[in-house]
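All residue numbers refer to positions in the sequence shown, counting from 1. Excluded from the calculations below are hydrogen atoms, water molecules and symmetry mates; all remaining heavy atoms, backbone and side chain alike, are included. Here the structure is a predicted model, which means the values were calculated and not measured.
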Amino acid sequence: MNYTRRPILHHFWAGGLVAMVLGFSLGFLLWMMQTGIMDVAEGYQSFRLWHVRIQILGFAGSFLLGFALQAGPHVVGGTPPPFRHVIPHVPILWIGLLLSSITTSATMVTVGNACITLAFVGPVVLLLKITLNGDPQLRFARGIPLVIAFLVLAAAPWLDLANSETALFVLWCGPITAALVAGQQLIHNVLHGKKLSGKLGLTLFILLCLAWLTTAMATFAHLWPWSIPGLAWLVSLSMVIWGTQFIPAIKQFGFAAISLTLSTGFLGIAVTAIMMLGWPEGIPVDSMVHLLGAGVITVLILGIVSRVTGFFSGGAVFSDAAVSGAILIWSAIATFRVITSMSSHVNDGLVIISVGLGGTLLTLWGIRVAWRLRTISQAPYPGKNGA
């Protein structure tokens, strides 16, 4: 990633760390309730709704906002806006999350949802303008897909996220779409793979349009089975991997935390899409939601945020080997979480160990990232070289 201005992402990512604490605490609590380790609380459904909203809109949303407003303009081939134009998105998002979560007033919930929408509409307007005036070779592979991803996030607070199918739709068409765009940038700039542009970019855009459309129609109109969007996402991912020459690039780059991050993330996307091909024959929707959320989005955040935060702060969050280890450990925990949602026989001890290990890992990582973000907020801009 090439940046030409003082970093602003710490304003957004600090909020993402707060959401991580709240969202994963609720997630671990719900996991133990679902496996029978704890009694199901009276407010279980409310906890579940808070968990999914915090994870998608607060955790993933904050990190994606930081990425889009810091690196997004460069990713789509344009120039970043002035600093003062993007910082207001931080309080707007968090005010919206608070208002829509801690009150039972329909008016306040509506105001809160409107604030969340406004926070995500900002990047839509910004990135659409830059996309239309920026590098036309990147318009279809990166610019418009990134705009669509934030449009979906802008609509998300008004959707029934407690419904697992709706949550799956938002994850695919929002964060996962953004991840496929960010992945292209990282593969090209960091791993020295190919830039997916021109006719190949247009082909990817057509495939993504099919994926978005078929996912929406399967979710809201139930016109066809989820195997159809599953196939569409699998083909779209394959296009990204083939078009960027991802596999040759990681072979040449060698083993490192960033190559492991992208490989693990892409593998999670592929497995989820393959699971959809067999749905609904015994595969719970909840398992696919958690595979995309915990097994893909969280893995990408752990790896990419560690790298970018280290670059901007002038010091590593953890060593490359430690970040690689964290990714592998978290991937194992996420995989086990998915398995428990598909099985009626769960080892309580393994769940407790996973919760303790996962909580410890995220706590240590969060403390280190918070410290590096503090350094970013106090230090001058470090340079213009790629992160």
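Applying the side-chain contact (heavy atoms from CB on, under 4.5 Å) criterion to Met38, with sequence neighbours excluded, gives Leu29, Met32, Met33. In this view, Leu260 and Phe255, Thr264, Ser324, Ile327, Leu328 satisfy the side-chain contact (heavy atoms from CB on, under 4.5 Å) rule, not counting sequence neighbours. With sequence neighbours left out, the side-chain contact (heavy atoms from CB on, under 4.5 Å) criterion links Ala332 to no other residue. With sequence neighbours excluded, the residues forming a side-chain contact (heavy atoms from CB on, under 4.5 Å) with Ala321 are Ser319, listed by chain and number.
Two residues are said to be in side-chain contact when any heavy atoms from C-beta on lie closer than 4.5 Å; Ser62 and Trp94 meet this criterion.
The CD atom of Gln45 sits 9.5 Å away from atom CG of Leu30, with the distance rounded to the nearest 0.5 Å. Rounding to the nearest 0.5 Å places CG of Leu357 at 9.0 Å from CD1 of Ile353. Rounding to the nearest 0.5 Å places CG of Leu126 at 8.5 Å from OG1 of Thr131.
Listed by first then second residue, pairs satisfying side-chain hydrogen bond (donor to acceptor under 3.5 Å, both in side chains) with a partner in residues 228-253 read Thr215-Trp233, not counting sequence neighbours. Among residue pairs with one or both ends in residues 336-357, those qualifying as salt bridge (charged side-chain N to carboxylate O under 4.0 Å, His left out) are Asp286-Arg337; sequence neighbours excluded.
The neighbour count for Asp39 CG, taken as heavy atoms of other residues, nucleotides or ligands under 6.0 Å away, does not exceed 12. Around atom CH2 of Trp224, more than 12 heavy atoms belonging to other residues, nucleotides or ligands sit under 6.0 Å away.
In this structure, Arg53 fails the cation-pi test against Trp50, since its NZ or CZ atom is not both closer than 6.0 Å to the six-membered ring centre and inside 45 degrees of the ring normal.
For the ring-ring contact (aromatic ring centres under 6.0 Å, His included) test with Trp13, the passing option among Phe63, Phe67, Phe312 is Phe63; the others fail.
A donor and an acceptor atom, one from each side chain of Trp172 and Thr272, are nowhere located under 3.5 Å apart.
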